[in-house]
Amino acid sequence: MTDATIEIRIHDSLAGISAAEWDACACPEGSTLPRDPFTTHRFLSALEASGSVGPGTGWGPRHITAHEGEDLIACAPLYAKSHSQGEYVFDHSWAHAWERAGGRYYPKLQIAVPFTPATGRRFLVKPGHVARGMAALVQGAVTLATENGVSSLHATFCTEDEAEAGEAMGLIHRLGTQYHWENAGYADFDAFLASLSSRKRKAIRRERREAQGFGGEIVNLTGDDLCPEHWDAFWRFYQDTGARKWGTPYLTRGFFDIVQDTMRDDVLLSLALRAGRPVAGALNFIGSDALFGRYWGQSEHHPFLHFELCYYQAIDFAIARGLAKVEAGAQGDHKLARGYLPVPTHSLHWIADPGLRRAVEEFVARESEAVDEDIEILTSMGPFRRGGD
C-alpha cells in the first residue's frame, strides 16, 4: 500500500479479475483495436487458459491490482519466474554471478507480457490515477518480493515514461535496442522505396521479386478470413521455429485456438501458398497505431520469403491501414537494410541484495553508454537517402 486509500491485491489467475475492469486500465482509449493488444485481458487470459503459462512453465501468475475502495485503478501482469526464458531482456549473467557467490537468483518476479518483446505500458493505470497508481503497483510488487525473499523484480519492455518514473522511485533503468519501421506518411510501398538510397532500393526490389516468384501466392488474413486450418498450418511452422530457437516452443497449440475464438480481429496472418498449401507464414498482432511482428516459420525454403512475409508485407499492411510503425520483434541487424531503424527499449529492475544491486547498476551504466553509441552508429548506416543520392 502507498496510502490508506489504496489496497493492493495479488491474484494467481486472471480468471478472478473482471475483463472490463482490467481493460479499463490496459486500454482506456476504448477503440475497437487497443493500442497494445498484448496487455489486454483476452491476450493474457489466452496464455493462461492454454497452459502456455502456469504450472510447469516457469511462469507463475501473480497479477497485482490496486484498488481505491471497490474501484480497480491500476494493475500489472506479474509472474513468479523460475528461469529467465521467454523474456528477451537477458539477465543470465546476473543470475550466474549471484549463484556463484552463493546466492539464489530464482525465483524472481517479472512484470511482463510472456514471450513478447514489444514495448508497451506495463503499469496499467486508469486515466486520472497515473502517478498514484504506478507508485502503488511498484511499492506493492517490491513489498511482495521482499516478503517472499526473492532476489529481484523486473519490468521489461516498459515505456520510456514508465522507465523514467520508475528510476525516480529508485529502480534501475536499463536500455536495450530493437529495430522498428516508421511510417513517414507513405502513400504506398513505392513511396517508401523512394526514400531509400538507390542501392538499397534496388536490393529490396530484387528481394521482393525473388520472394514473390516462389511459385505460389501470398495471402494476408485477418478477422473472419481466418479459419482453423490456417492455424493448423501455422502451428507446424511455429513448432519448427520454436524447436530450433528455444528447444521447446513456448506456446501451446491451444493458444492459437483461443486466439481464433477471441482475438482474430487483432491478428494479421501472412501465408505463402503453393498449390493452395501453406508453405510459410508470419504472425502479427495489430494495435491501433502499430503492427507487431511475432512469429515466423516455414516448411519449404525459398530465397527472401522470410523478408517478404515478415518485413515487406508488414510494411504494406501498415501503410494501407495508416499505422505509425511496425515493430518486428527482438534482435536482427539484418532489419537495418530493410528500413527498420534502431530504437531504444526500456526495462526496470529492483535487486534485493545491496552488493548485487551495486554490481548491476555499474553494469547497466556501462551498457547504456554502449547502447546509445550503437544506436547512433547504426542509424547513420541506415538505408535512407542522403544529400543527392
Side-chain angles (χ1 to χ4, degrees), residues 27 29 31-37 118-120 178-214 216-226 264-273 280-294 296 302-329 332-344 375 378-389:
C27 39
E29 64 273 10
S31 62
T32 303
L33 286 172
R35 181 177 297 274
D36 180 358
T119 292
Q178 276 187 352
Y179 293 88
H180 296 174
W181 178 85
E182 295 188 358
N183 188 352
Y186 301 117
D188 52 28
F189 197 91
D190 282 341
F192 159 61
L193 287 180
S195 69
L196 306 182
S197 69
S198 59
R199 185 169 61 88
K200 296 299 185 184
R201 189 162 58 241
K202 291 174 183 176
I204 290 176
R205 283 180 174 146
R206 179 177 61 85
E207 288 181 356
R208 297 205 78 178
R209 279 196 307 272
E210 291 198 33
Q212 293 175 7
F214 75 99
E217 63 173 334
I218 294 172
V219 296
N220 290 311
L221 306 170
T222 187
D224 291 338
D225 291 334
L226 285 162
R264 58 183 178 270
D265 289 335
D266 302 274
V267 163
L268 169 69
L269 183 61
S270 297
L271 291 176
L273 308 177
L283 175 62
N284 306 267
F285 282 83
I286 309 167
S288 61
D289 67 351
L291 184 68
F292 302 92
R294 290 304 305 116
W296 140 268
H302 296 277
F304 304 115
L305 194 54
H306 171 237
F307 299 151
E308 176 65 26
L309 292 181
C310 294
Y311 307 141
Y312 303 142
Q313 290 291 322
I315 290 173
D316 275 334
F317 184 87
I319 291 172
R321 282 284 187 102
L323 302 179
K325 61 182 177 177
V326 177
E327 294 194 20
D333 292 351
H334 59 277
K335 296 169 186 170
L336 184 66
R338 290 156 184 94
Y340 290 72
L341 293 181
V343 298
I375 288 176
L378 288 167
T379 300
S380 71
M381 297 167 56
F384 292 89
R385 296 172 60 183
R386 298 175 185 84
D389 188 5

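Remember, it's a predicted structure, so these values are computed and weren't measured experimentally.
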A.B. asks: When rounded to the nearest 0.5 angstrom, what is the spacing between NZ in Lys202 and OG in Ser197?
C.D. replies: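 Output value for this atom pair is 10.0 Å.
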A.B. asks: Would you name the heavy atoms of Ala272 and Leu305 that are closest together and state the gap between them?
C.D. replies: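 So the minimum-distance heavy-atom pair works out to CB-CD2, 3.9 Å.
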A.B. asks: Provide the closest heavy-atom pair for Tyr312 versus Arg338 in the form atom of the first, atom of the second, distance.
C.D. replies: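 Taking every non-hydrogen atom into account, OH-CG, 2.9 Å.
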A.B. asks: Heavy atoms, side chains only, cut-off 4.5 Å: are Glu308 and Phe214 in contact?
C.D. replies: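 Counting from C-beta outward, Glu308 and Phe214 never come under 4.5 Å.
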A.B. asks: Provide the closest heavy-atom pair for Tyr340 versus Ala328 in the form atom of the first, atom of the second, distance.
C.D. replies: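 Answer, listing the atom of Tyr340 first, then Ala328: CE2-CB, 3.8 Å.
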A.B. asks: Drop me the distance from Phe189's CZ to Ile319's CD1, to the nearest 0.5 angstrom.
C.D. replies: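 Reported to 0.5 Å precision, the distance equals 7.0 Å.
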A.B. asks: Using every non-hydrogen atom in the two residues, find where Ile286 and Leu33 come nearest and quote the distance to one decimal.
C.D. replies: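 Where Ile286 meets Leu33 most closely, the heavy atoms are CG2-CD1, 3.7 Å.
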A.B. asks: So, does Glu29 use its side chain to make a donor-acceptor pair with the main chain of Arg35 at under 3.5 Å?
C.D. replies: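 Confirmed, Glu29 side chain pairs with Arg35 backbone.
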A.B. asks: If you round to the nearest 0.5 Å, how far is CD1 of Ile204 from CZ of Phe192?
C.D. replies: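 Result: 5.0 Å between the selected atoms.
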A.B. asks: Is any side-chain heavy atom of Leu336 less than 4.5 Å from a side-chain heavy atom of Leu341?
C.D. replies: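 Yes. Closest side-chain heavy atoms under 4.5 Å.
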A.B. asks: Could you report the tightest heavy-atom contact between Leu309 and Leu271, atom names first, then the distance?
C.D. replies: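 Of all heavy-atom pairs spanning Leu309 and Leu271, the closest is CD2-C, 4.5 Å.
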A.B. asks: Quick one, Asn183 and Leu323 - any side-chain contact, counting heavy atoms below 4.5 Å?
C.D. replies: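 Not touching, per the 4.5 Å side-chain cut-off.
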A.B. asks: Spell out, as yes or no, whether a donor-acceptor pair under 3.5 Å connects the side chain of Arg201 to the backbone of Leu196.
C.D. replies: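 Side chain of Arg201 to backbone of Leu196, a donor-acceptor pair under 3.5 Å: yes, one is there.
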A.B. asks: Tell me the closest heavy-atom pair linking Pro344 and Ile375, and the distance in Å.
C.D. replies: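 Heavy-atom minimum between the residues: N-CD1, 3.7 Å.
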A.B. asks: Determine whether a donor-acceptor pair (N or O, by modelled atom type, separation under 3.5 Å) exists between the side chain of Arg386 and the backbone of Ser380.
C.D. replies: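 Between the backbone of Ser380 and the side chain of Arg386 there is a qualifying donor-acceptor contact (under 3.5 Å).
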A.B. asks: Do Gln212 and His302 come within less than 4.5 Å of each other through their side chains, counting heavy atoms only?
C.D. replies: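 The answer is no; the side chains never approach within 4.5 Å.
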A.B. asks: Can you tell me how far CG of Asp289 sits from CG of Asp36, rounded to the nearest 0.5 angstrom?
C.D. replies: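 Rounded to the nearest 0.5 Å, the CG-CG separation comes out at 10.0 Å.
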A.B. asks: Would you call the rings of Tyr311 and His334 parallel, tilted or perpendicular if under 30° counts as parallel and over 60° as perpendicular?
C.D. replies: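 Tilted, since the angle between the ring planes falls between 30° and 60°.
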A.B. asks: How long is the gap from CZ on Arg264 to CG on Leu221, to the nearest 0.5 Å?
C.D. replies: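 Between atom CZ of Arg264 and atom CG of Leu221 there are 13.0 Å.
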A.B. asks: Test your reading of the model: is there a side-chain donor-acceptor pair from Arg385 to the backbone of Ala194, 3.5 Å cut-off?
C.D. replies: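 A pair under 3.5 Å: yes.
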A.B. asks: Determine the interplanar angle of the Tyr186 and Trp181 rings, folded into 0 to 90°, and report it as parallel if under 30°, tilted if 30 to 60°, perpendicular if over 60°.
C.D. replies: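 Tyr186 vs Trp181 ring planes: tilted.
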A.B. asks: With a 4.5 Å heavy-atom cut-off, do Phe285 and Val267 have their side chains touching?
C.D. replies: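 Counting from C-beta outward, Phe285 and Val267 do come under 4.5 Å.
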A.B. asks: Between CG of Leu269 and CG of Asn220, what distance do you get to the nearest 0.5 Å?
C.D. replies: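 Those atoms lie 8.5 Å apart.
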A.B. asks: Indicate whether any N or O donor in one side chain lies under 3.5 Å from an N or O acceptor in the other, for His180 and Gln178.
C.D. replies: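 Distance-only check passes for His180 and Gln178.
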A.B. asks: For a 4.5 angstrom cut-off between non-hydrogen side-chain atoms, does Asn284 reach Cys310?
C.D. replies: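 No, too far: nothing below the 4.5 Å cut-off.
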